Structure formats: structure tokens, C-alpha cells
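For reference, the structure discussed in these notes is given below.
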Amino acid sequence: MMTAADSPRPRIALLATGGTIAGAGTGEGAAYRAAVAPVGELIAAVPGLARLADLHAEQLMQIDSADFTDSHLLQLARRVAALCARDDVDGVVVTHGTDTLEESAYFLHLTVPSRKPVVLTGAMRPATALAADGPVNLLHAVAVAAHPSSAGRGVLVVMNEEIHSARDVAKVHTLRLDAFASPHGALGGVVEGAPRWWRALARPHTADSAFDIGRIDALPLVGLVASHGNLRREPYDAWVAAGARAIVHAGFGGGTVPAYLRDAFIGLRARGVLLVRASRVGAGPVIRNATFDDDGCGSVAADDQNAPRARLLAALALTRTQDAGEVQAMFLSY
Ligand code: SIN
């Protein structure tokens with residue numbers, strides 16, 4: 001009779017990209033350098049990992065996630081999609097710096113055409129810290145990626161015993177271990193070493209997304225400007241001059257535009273630039289035609305997407321259409 005010990009372990013590809021999870025202290029107080037420990041060291045720090053899964057590790061890059069550009073995003077998505085397409089891979093775990101983890105996760109969520117689990121994780125403390133969180137986060141990420149119930153849920157972010165959807169999650173604290181949160185709540189948690197689910201995502205993703213990394217050569221430039229009192233038009237003009245095809249306005253409250261900048265914003269469409277109204281608040285929808293005439297100005301309301309994710313969705317949308325109405329429909333759908 002076959003025992004649990006005989007049953008084949010799930011085959012998980014582990015892609016390391018750097019970040020604090022691979023960070024090491026410099027010996028001066030709390031200072032450390034991100035992205036120095038190689039993937040083999042991350043695995044060696046987690047007892048029991050090999051019992052959970054048959055791991056195939058790869059050092060895709062070794063960078064601080066602040067250094068992620070669109071070309072890194074494309075490289076990561078192509079590699080994850082290629083791994084997911086293989087018969088000998090059951091799931092993928094990506095270790096990533098926490099600073100832009102939510103952006104990479106969302107990009108993969110929209111562009112990797114696979115139902116296999118893809119899980120991102122990182123750490124708030126470097127690998128050399130007294131109570132490093134990287135090893136347990138990695139253990140949990142592999143446990144989630146290896147579990148059959150994780151398939152078809154979109155790209156997941158596992159941090160601090162919680163499982164978040166890449167559609168919703170954001171880093172909301174600079175230091176604490178519970179630095180990641182989702183406005184609509186986590187999808188689930190890691191309980192006794194296995195995923196336990198509380199809810200499912202309603203919006204399309206991965207295999208049901210219109211954006212397939214296999215058909216994307218490059219991303220159009222999309223800028224982002226955060227609102228503040230005494231806002232001026234120069235940052236918007238600078239993005240236009242840089243060749244941006246869209247600008248995400250992280251507006252006050254529900255995506256509000258200052259009255260004294262209204263004409264400049266209305267003029268963006270005539271200059272070939274799509275205005276996407278998001279919010280600097282971090283939760284809640286921006287409603288079309290509320291506080292701004294989106295119909296008249298050809299602009300787009302970002303629904304409940306935060307500004308960094310709105311940048312990515314706008315860029316992906318512009319690879320498919322130039323029509324503001326169609327881009328709006330994508331924001332309401334994804
Ligand atoms: C990074 O994002 O690469 C550094 C910070 C972190 O991982 O927490």
C-alpha cells in the first residue's frame with residue numbers, strides 16, 4: 001500500500017529576485033543590505049522545506065525591489081509563465097523585496113495564463129536578524145503553492161501567516177511584520193501549515209485575463225502623480241514631455257482634481273495622454289463622473305485600484321486599445 005511518504009511531493013519552482021528576505025546586516029545597528037543572500041541560503045534556513053515539496057531553485061535576479069523597472073516585470077512574468085507551462089512544475093514561488101512586491105504580484109496576476117498556484121513572499125527583516133520572518137514566510141509560501149486548493153485563485157501573496165490576493169494587497173507599514181493588508185480582507189490564512197480559505201476573488205485573472213505575457217513585447221510609459229496641497233501642473237507636463245501615454249492621478253478622496261488644474265487635466269487627452277483618476281487614500285472606489293466630468297474629458301476612473309496598480313492596468317490596457325471607454329471597462333472588470 002502507498003503511504004504518505006511514498007506519494008510524490010509537489011514540484012515547486014522557486015524564483016529568487018532579491019529583497020530583504022535575502023538581506024544581510026552590515027553590523028551597524030539596524031542597517032542591512034537587501035539582495036545579497038543567494039537562493040540556496042534562503043532554502044537552507046528553512047528546516048522541513050524539502051519535506052513539503054520537490055524544489056527547483058533559480059536566482060532570476062538579485063536586486064532591491066525599488067530597482068524594478070518595467071523590463072524586470074516583463075522578465076519575471078515571462079519566466080513565471082514558462083515555468084507554469086511545464087508539466088514537471090506544479091506551482092511557482094517568487095521571493096521578492098516587499099517595497100514593490102504588490103506591483104509585481106498584480107502584474108503576474110493579470111498576465112500569466114495559468115491556473116497553477118503562483119505565490120509571492122518576502123520579509124520585513126533581513127535573513128541575519130534575530131527573529132527573521134523570511135524563513136517562515138518562505139515555508140508558508142511553499143506550503144500554499146504546493147496545496148491543490150490554491151489553484152485557480154489568481155496570484156497570491158503570503159506574508160505573516162496571511163494569504164492575500166494580488167488584486168488587493170498593499171504594503172501599509174514600513175517596519176512591522178503585519179505590513180501587508182487588503183482593503184477587502186485576506187483571502188485566507190496559513191493554519192497548521194496549510195491554506196485555509198475565507199473568501200474567493202470575483203474579478204478575472206491569470207488564465208481568464210485578456211492580457212497574456214506571451215503577446216506583450218513592451219509596456220507603454222504610464223506616469224503617476226500623487227496629489228498634495230498646492231498641487232501644480234508641472235509634474236503632469238513633465239510626464240507628457242517624457243512620452244507618457246497615460247498619467248495616473250492619485251487624487252484626493254474620490255480622485256478629486258483641484259479646480260485650478262481642471263483645464264490642464266482636460267487638455268491631456270488632446271495631447272495624446274489618457275488621464276486615469278485614482279485616489280491617494282488607498283481604499284474605496286473612484287466613481288466615474290463624480291467630482292470630474294470623465295465622459296466629457298475622456299478620462300478613466302480607476303474603481304478601487306490603488307495608484308501603483310492603476311499604472312500597471314493602464315499600461316496593459318493600452319497594449320490592447322486606445323479607446324478610453326474600453327480602458328474604463330477594463331478598470332471596472334479587473
Ligand atoms: C526591497 O523591497 O527590496 C527592500 C525592502 C524589503 O524587501 O522589505
Side-chain angles (χ1 to χ4, degrees), residues 14-46 49 57-77 79-80 92-109 118-142 144-145 155-166 168-182 186 190 224 226 282 306-309 311-312:
L14 175 60
L15 283 184
T17 69
T20 292
I21 191 168
T26 59
E28 295 159 26
Y32 72 96
R33 265 197 319 128
V36 289
V39 64
E41 272 181 35
L42 304 190
I43 294 171
V46 189
L49 203 54
E58 192 176 310
Q59 189 79 50
L60 185 66
M61 50 189 98
Q62 182 66 298
I63 60 175
D64 188 309
S65 77
D67 296 335
F68 253 77
T69 62
D70 286 352
S71 70
H72 292 102
L73 272 186
L74 293 170
Q75 182 191 356
L76 176 62
R79 190 67 194 129
V80 172
V92 177
V93 170
V94 179
T95 60
H96 197 292
T98 62
D99 285 345
T100 63
L101 188 149
E102 71 208 59
E103 293 177 51
S104 295
Y106 187 56
F107 191 73
L108 298 176
H109 184 73
V118 175
V119 179
L120 279 79
T121 194
M124 295 303 293
R125 296 175 180 159
T128 53
L130 187 59
D133 53 330
V136 73
N137 285 344
L138 181 56
L139 182 74
H140 287 166
V142 171
V144 171
V155 171
L156 302 167
V157 172
V158 171
M159 292 287 291
N160 196 41
E161 301 184 355
E162 291 186 321
I163 310 170
H164 294 270
S165 169
D168 298 334
V169 73
K171 184 174 180 178
V172 296
H173 199 279
T174 55
L175 283 178
R176 282 183 1 196
L177 299 186
D178 60 344
F180 281 77
S182 301
V190 182
L224 191 165
N306 72 10
R309 273 196 296 268
R311 178 186 82 84
L312 294 170

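In this chain, residues are counted from 1 in sequence order. Each ligand, and each atom within it, is numbered from 1 in the order the structure gives. Nothing here was measured: the structure is a model prediction, and the numbers come from that model.
Residue Thr98 places at least one N or O, backbone or side chain, under 3.5 Å from an N or O of ligand 1. Among the atoms of Ser65, some N or O lies under 3.5 angstrom from an N or O of ligand 1. Considering both main-chain and side-chain atoms, Asp64 comes within under 3.5 Å of ligand 1 through a nitrogen or oxygen pair.
Remark: distances from the non-hydrogen atoms of Ala179 to ligand 1 are all 4.0 Å or more.
The distance from ligand 1 to the heavy atoms of Thr20 drops below 4.0 Å at these ligand atoms: 4 (C), 5 (C), 6 (C), 7 (O), 8 (O).
Ring geometry, Phe68 versus His72: the interplanar angle falls from 30° to 60°, so the pair is classed tilted.
Within a 6.0 Å radius of CD in Glu161, other residues, nucleotides and ligands contribute 12 heavy atoms or fewer.
In terms of heavy-atom proximity, His96 sits nearest to Ser104 at NE2-OG, 2.8 Å.
Proximity of Ala35 to ligand 1, defined as any heavy-atom pair under 4.0 Å, is not found for any part of the residue.
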Q. Can you list the steps and then say if Thr95 with Val39 is a side chain to side chain contact (heavy atoms under 4.5 Å, CB included)?
A. CA-CA 9 Å; Thr95 60; Val39 64; 5.7 Å; no

List the atom pairs, with distances to 0.1 Å, where a side-chain N or O of residues 118-130 and a protein N or O form a donor-acceptor pair under 3.5 Å, not counting sequence neighbours.
from	atom 1	to	atom 2	distance (Å)
Thr121	OG1	Val158	O	2.7
Arg125	NH1	Ala131	O	2.9
Thr128	OG1	Gly25	N	2.7

